[in-house]
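Heads up: numbering here begins at 1 and tracks the sequence. Computed from a prediction, not measured in an experiment: that's the story for all the values here.
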Amino acid sequence: MTASGHHAHADQALIELRQARKRYNIGQPNEAEILHGIDLRVAHGEFLALIGPSGSGKSTLLNVLGLLEPLSDGAYALQGQAVQGLEDQALTLLRRRALGFVFQFHHLLPAFTALENVTLPALMTEGRVSAAAREQARALLDAVGLAGAMDK
Ligand SMILES: Nc1ncnc2c1ncn2[C@@H]1O[C@H](COP(=O)(O)OP(=O)(O)OP(=O)(O)O)[C@@H](O)[C@H]1O
Ligand SMILES: [Mg+2]
């Protein structure tokens with residue numbers, strides 16, 4: 001990666017962390033640093049697996065990358081946008097636009113069908129579920145083998 005600023009878009013990382021630190025309970029006796037200065041660059045289209053022992057900080061890092069937790073120190077840029085100092089609402093909009101999260105413990109809404117759960121992001125983005133959004137949701141469920149469970 002160049003630091004010159006030329007070809008900024010082609011060089012732009014999807015995710016870029018510099019010296020990222022995360023501490024919990026700052027200033028208290030049980031203060032703990034979980035992320036110890038992480039440098040990470042993820043390119044557009046790159047697939048990444050994060051592995052490590054239980055308690056090593058994988059979820060902490062994903063919560064930071066997913067804009068659910070702020071860093072204690074260091075810098076995070078998502079799609080070239082510096083994340084530090086963004087207001088809560090801006091973080092929410094960026095999260096909605098740029099991120100998808102599949103949680104370890106899934107958070108499907110039990111009163112809705114599978115298809116309705118998948119169309120929820122479209123509902124929140126556009127205020128309605130268009131026919132195109134519904135078709136896309138059907139295709140996504142079909143792609144993961146859930147074609148038969150859409151209305152469950
Ligand atoms: N909100 C919090 N407050 C204080 N400590 C926390 C908090 N969240 C996580 N920790 C601590 O940070 C460390 C890393 O936790 P984390 O959940 O990121 O690990 P993990 O690698 O995802 O583990 P697992 O494989 O079990 O999911 C643990 O010691 C945990 O107790
Ligand atoms: Mg975890």
Side-chain angles (χ1 to χ4, degrees), residues 1-109 112 114-130 132-141 143-144 146:
M1 190 176 93
T2 69
S4 67
H6 296 294
H7 310 295
H9 190 75
D11 281 356
Q12 184 186 298
L14 180 64
I15 281 171
E16 185 151 31
L17 287 180
R18 272 188 296 110
Q19 286 299 300
R21 292 180 187 274
K22 181 64 183 178
R23 300 183 190 95
Y24 287 115
N25 308 311
I26 291 172
Q28 303 189 67
N30 58 347
E31 175 169 333
E33 186 175 272
I34 309 300
L35 305 178
H36 311 289
I38 292 181
D39 292 310
L40 173 69
R41 185 178 191 278
V42 182
H44 287 267
E46 190 175 350
F47 280 79
L48 201 69
L50 180 62
I51 60 175
S54 182
S56 59
K58 303 180 297 294
S59 291
T60 301
L61 179 56
L62 289 175
N63 287 341
V64 166
L65 294 178
L67 307 176
L68 300 173
E69 288 265 8
L71 281 176
S72 310
D73 201 3
Y76 174 22
L78 175 61
Q79 295 180 330
Q81 160 143 45
V83 159
Q84 302 93 287
L86 289 183
E87 304 274 330
D88 201 47
Q89 190 178 12
L91 287 174
T92 299
L93 292 174
L94 184 56
R95 198 185 302 117
R96 190 177 75 182
R97 178 167 59 76
L99 290 161
F101 235 102
V102 180
F103 286 97
Q104 196 163 3
F105 305 101
H106 42 80
H107 293 281
L108 297 175
L109 298 180
F112 294 89
L115 185 65
E116 287 167 342
N117 268 281
V118 177
T119 53
L120 274 180
L123 182 63
M124 288 190 284
T125 307
E126 295 157 26
R128 58 186 280 270
V129 180
S130 65
R134 190 174 299 273
E135 267 324 294
Q136 191 188 7
R138 283 187 196 284
L140 288 169
L141 282 164
V144 296
L146 287 173

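Pairs of residues two or more places apart, or lying in two chains, that qualify as salt bridge (charged side-chain N to carboxylate O under 4.0 Å, His left out) and include a residue from residues 60-76 are K22-E69.
The structure places CD of Q81 at 14.0 Å from CD of E16, a figure rounded to the nearest 0.5 Å. Here the CG atom belonging to L109 is positioned 10.0 Å from the CD atom belonging to E116, to the nearest 0.5 angstrom. The structure places CG of L40 at 9.0 Å from OH of Y76, a figure rounded to the nearest 0.5 Å. Between L14 atom CG and L48 atom CG the span is 10.5 Å, to the nearest 0.5 Å. From L146, atom CG reaches atom CG of L115 across 11.0 Å, with rounding to the nearest 0.5 Å. Atom-to-atom distance recorded for Q89:CD and T92:OG1 is 7.0 Å, nearest 0.5 angstrom.
Looking at every heavy atom in both residues, Q12 comes nearest to H44 through O-CD2, 3.6 Å. Taking both residues in full, the closest heavy atoms of L35 and L61 are given as CD1-CA, 4.0 Å, listed atom of the first, atom of the second, then distance. Taking both residues in full, the closest heavy atoms of I26 and S72 are given as CD1-OG, 4.1 Å, listed atom of the first, atom of the second, then distance. The shortest non-hydrogen separation linking A137 to T119 is CB-CG2, 3.5 Å. When all heavy atoms of L91 and L67 are compared, the pair lying nearest together is O-CD1, 3.9 Å. Contact between N117 and P121 at its shortest, heavy atoms only, is O-CD, 3.9 Å.
Counting only heavy atoms from C-beta outward, the side chains of L94 and V83 approach each other to under 4.5 Å. Here the side chains of L78 and I15 are in contact, with some heavy-atom distance below 4.5 Å.
Remark: R96 CZ is packed, more than 12 non-hydrogen atoms of other residues, nucleotides or ligands lying under 6.0 Å away. Shown here is Q28, whose CD atom has more than 12 heavy atoms of other residues, nucleotides or ligands within 6.0 Å. By the neighbour-count criterion of 12 heavy atoms within 6.0 Å, atom CD of Q136 is sparsely surrounded, having that number or fewer from other residues, nucleotides or ligands.
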Test side-chain contact (heavy atoms from CB on, under 4.5 Å) on Q84 and L71 and set out the steps. CA-CA 8 Å; Q84 302 93 287; L71 281 176; 5.6 Å; no
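No donor-acceptor pair under 3.5 Å is formed between the side chain of R21 and the backbone N or O of G74. Not a single donor-acceptor pair under 3.5 Å links the side chain of Q19 to the backbone N or O of A75. Listed for the K58 side chain is no donor-acceptor partner under 3.5 Å among the backbone atoms of L50.
Under the ring-ring contact (aromatic ring centres under 6.0 Å, His included) criterion, F112 pairs with no residue at all, not counting sequence neighbours.
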